Amino acid sequence: MCGLVGIVGKSNVNLTLYDSLTVLQHRGQDAAGIVTSEHGKLNLRKDNGLVRDVFRSSHMRNLTGNMGIGHVRYPTAGSSGPAQAQPLYVNSPYGISLAHNGNLTNARDLSDDIFKEDHRHLNTDSDSEVLLNVFAHELQKLNKIKPAATDVFTAIRGVHNRCRGAYAAIAMIVGYGIVGFRDKHGIRPLVFGEKRTRKGVEYMLASESVALDSQGFKLIRDVAPGEAVYIDHEGNLKTKICADEVALNPCIFEHVYFARPDSLMDGISVYKSRLRMGEKLAEKIKRERPDHDIDVVIPIPDTSRTSAVELANSLGVKYREGFVKNRYIGRTFIMPGQSQRKKSVKQKLNATPLEFQDKNVLLVDDSIVRGTTSGQIIEMARDAGAKKVYFCSAAPPVRYPNVYGIDMPAVSELIAHDKTVEEVQNLIGADWLVFQDLEDLIASCAEGSLLPMDFECSVFNGKYVTKDVSKEYLEELENIRNDRAKKTKTSDRKMLQPASQDEEVLGLHNN
């Protein structure tokens, strides 16, 4: 999962890009990058780390231009390193930079085609670089000296014809404009908005509406599945559906975990979705244990807080903040490597004994993936004096890997895979475990939508909306994603990583 932003403004956009990326930091903590365009020249800065660590004052001074894109990266399939940081760049045609969120399910086949048929070189194993080169090739074969909006849309149609999987992307064509596009299932999110200034209208594309809100842009709408939104360097906006057989299948895990609660996704309030998740959980608890003995509801901060508040209200039980979170530790789910996750939980949370002592507590989390964090938190609650520890998940059991841009672990590392609720309950050490029903989760996220949609729920039901995910593909993914493979890949990367970043080789202004 990654965060994207692109702006065509009337003055330097560097600070607005930076501030937008900080708002989207929750979507990726591995790397960050910004590229701007001024007088046909690209200015680029990217590196591993958080936004605040990657960009210094000297970098920002050099990121000049009224057009630019930015990216915060969360690595999928164990890939990381400075060379994988985005935006990525190719010099032909015109000079194109691209930022991508998602995962191409046919990236390997496309890599072969790019080399053998398109005669292009790939420098990394990133599917984002594959997407960039496919777009560049589709644009180049039109053989236009100056690309018009219709040419960009034709190239995007070629991308949709060749690429499968999930992709929300923003590409900048040097000296011409910025285009944002979304896969024909709309799996990954992308929105656009405008801001009217004395100099004229400015436009922004971003992964979440909260990035627009924070910078004073008014949300126009979500980019539709298969649609491209093109803004030229003068600020003229055009849109077009560039794919056939489109359908809206947004990833439901955005509402469960990834998105900020103050965002709107496909017209749906993430905050209200999470409130409804709490209501549905309360209804299930009342059905299963009408005479429950829960004394207090305690959220596991931060994502589950909204659901926990409404759950407590619906049950008529006290809501308390029983865990204090260290704000300077990243999101545990995103961290690669089991040992690092185990260490981070203790650093991240600390229990307040007053809220646990001699009480039957109901802990609420957004989901249970590996179960490692859940087990440690339950142990912390017992150590703090809880009599009984019950556990609620606002999402159903995660039983299958994600292939669309979320680095869900290998199947063997998913605690609920091929296990009953009772078996998971015993493994994490809870006195009672309640999972959200999938039907209730879908209802929670769909209510209020004015658009026909069918959520992508593969991590819960194993049904992949692109219908191209084979058993062999999942087995290959298993080998890449298990923690042992990640550890080996990280070690190899440390030995192979060059001292300087490759942007300088490409002739870019890398600050």
Side-chain angles (χ1 to χ4, degrees), residues 256-257 274 277-326 329 331-333 338 341-398 414-416 419-437 440-441:
V256 171
Y257 178 78
R274 291 175 183 169
M277 291 177 205
E279 292 175 357
K280 297 292 186 182
L281 276 172
E283 292 172 4
K284 184 172 184 178
I285 288 172
K286 290 175 184 177
R287 289 195 306 269
E288 294 191 357
R289 292 195 183 183
D291 299 322
H292 67 78
D293 58 353
I294 301 167
D295 295 316
V296 61
V297 172
I298 295 176
I300 298 171
D302 283 316
T303 319
S304 64
R305 185 173 281 120
T306 307
S307 297
V309 168
E310 196 62 21
L311 171 60
N313 288 339
S314 298
L315 289 179
V317 174
K318 290 180 180 179
Y319 170 89
R320 291 291 184 268
E321 294 284 345
F323 292 106
V324 177
K325 182 179 179 181
N326 183 345
I329 298 294
R331 302 183 87 172
T332 312
F333 171 74
Q338 190 77 347
R341 282 189 296 272
K342 286 182 178 179
K343 181 180 178 181
S344 69
V345 173
K346 294 291 185 181
Q347 295 173 331
K348 183 178 181 180
L349 295 177
N350 189 50
T352 304
L354 180 66
E355 300 299 345
F356 293 91
Q357 191 68 45
D358 298 325
K359 296 176 183 176
N360 299 329
V361 300
L362 174 63
L363 303 182
V364 182
D365 207 352
D366 51 76
S367 59
I368 302 175
V369 182
R370 295 173 177 87
T372 307
T373 301
S374 305
Q376 290 185 67
I377 290 173
I378 289 170
E379 184 180 343
M380 290 170 64
R382 294 195 192 282
D383 291 342
K387 286 194 300 184
K388 293 181 181 179
V389 182
Y390 306 138
F391 203 98
C392 257
S393 168
V398 176
L414 294 171
I415 192 170
K419 292 185 181 68
T420 65
V421 173
E422 290 72 22
E423 288 172 328
V424 177
Q425 175 181 310
N426 292 333
L427 285 170
I428 65 174
D431 293 300
W432 181 33
L433 174 61
V434 181
F435 280 105
Q436 185 86 263
D437 292 331
D440 287 340
L441 176 62

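Treat the numbers as computed from the prediction; the structure is a model and nothing was measured.
With rounding to the nearest 0.5 Å, the separation of CD1 in I300 from CD1 in I377 is 4.0 Å. Separating the CD atom in E355 from the CZ atom in F323 is a distance of 11.0 Å, to the nearest 0.5 Å. Atoms CD1 and CZ, on I415 and R370 in that order, are 11.5 Å from each other to the nearest 0.5 Å. Distance check: I298 CD1 to S304 OG gives 11.0 Å after rounding to the nearest 0.5 Å.
What you find for F435 and L281 is that their closest heavy atoms are C-CD2, 4.2 Å. Across A282 and L315, no two heavy atoms sit closer than the pair O-CD2, 3.8 Å. Between S393 and S367 the shortest heavy-atom distance is OG-CA, 3.4 Å. Closest of all the heavy-atom pairs between S307 and R274 is OG-O, 2.8 Å. Closest approach of V361 to V296, counting heavy atoms only: CG1-CG1, 3.4 Å. Closest approach of I428 and I368 over heavy atoms only: CD1-CD1, 4.3 Å.
No more than 12 heavy atoms of other residues, nucleotides or ligands lie within 6.0 Å of NZ in K318, so this atom counts as exposed by the packing criterion.
Here the side chains of L433 and V424 are in contact, with some heavy-atom distance below 4.5 Å.
Looking only at distances, a side-chain donor or acceptor of D431 sits under 3.5 Å from a matching main-chain atom of V389. Remark: the backbone N or O of L441 is not paired with any side-chain donor or acceptor of Q436 at under 3.5 angstrom. A distance-only check finds a donor-acceptor pair linking the side chain of K286 to the backbone of S314 [under 3.5 Å].
Contact check on D437 versus K284 returns a salt bridge, with a Lys/Arg side-chain nitrogen under 4.0 Å from an Asp/Glu carboxylate oxygen. The residues R320 and D295 are annotated as not salt-bridged, no charged nitrogen and carboxylate oxygen being separated by less than 4.0 angstrom. Salt-bridge check for K387 with D293: failed, with every basic side-chain N at 4.0 Å or more from each acidic carboxylate O.
Remark: K280 engages no residue in a salt bridge (charged side-chain N to carboxylate O under 4.0 Å, His left out) (not counting sequence neighbours).
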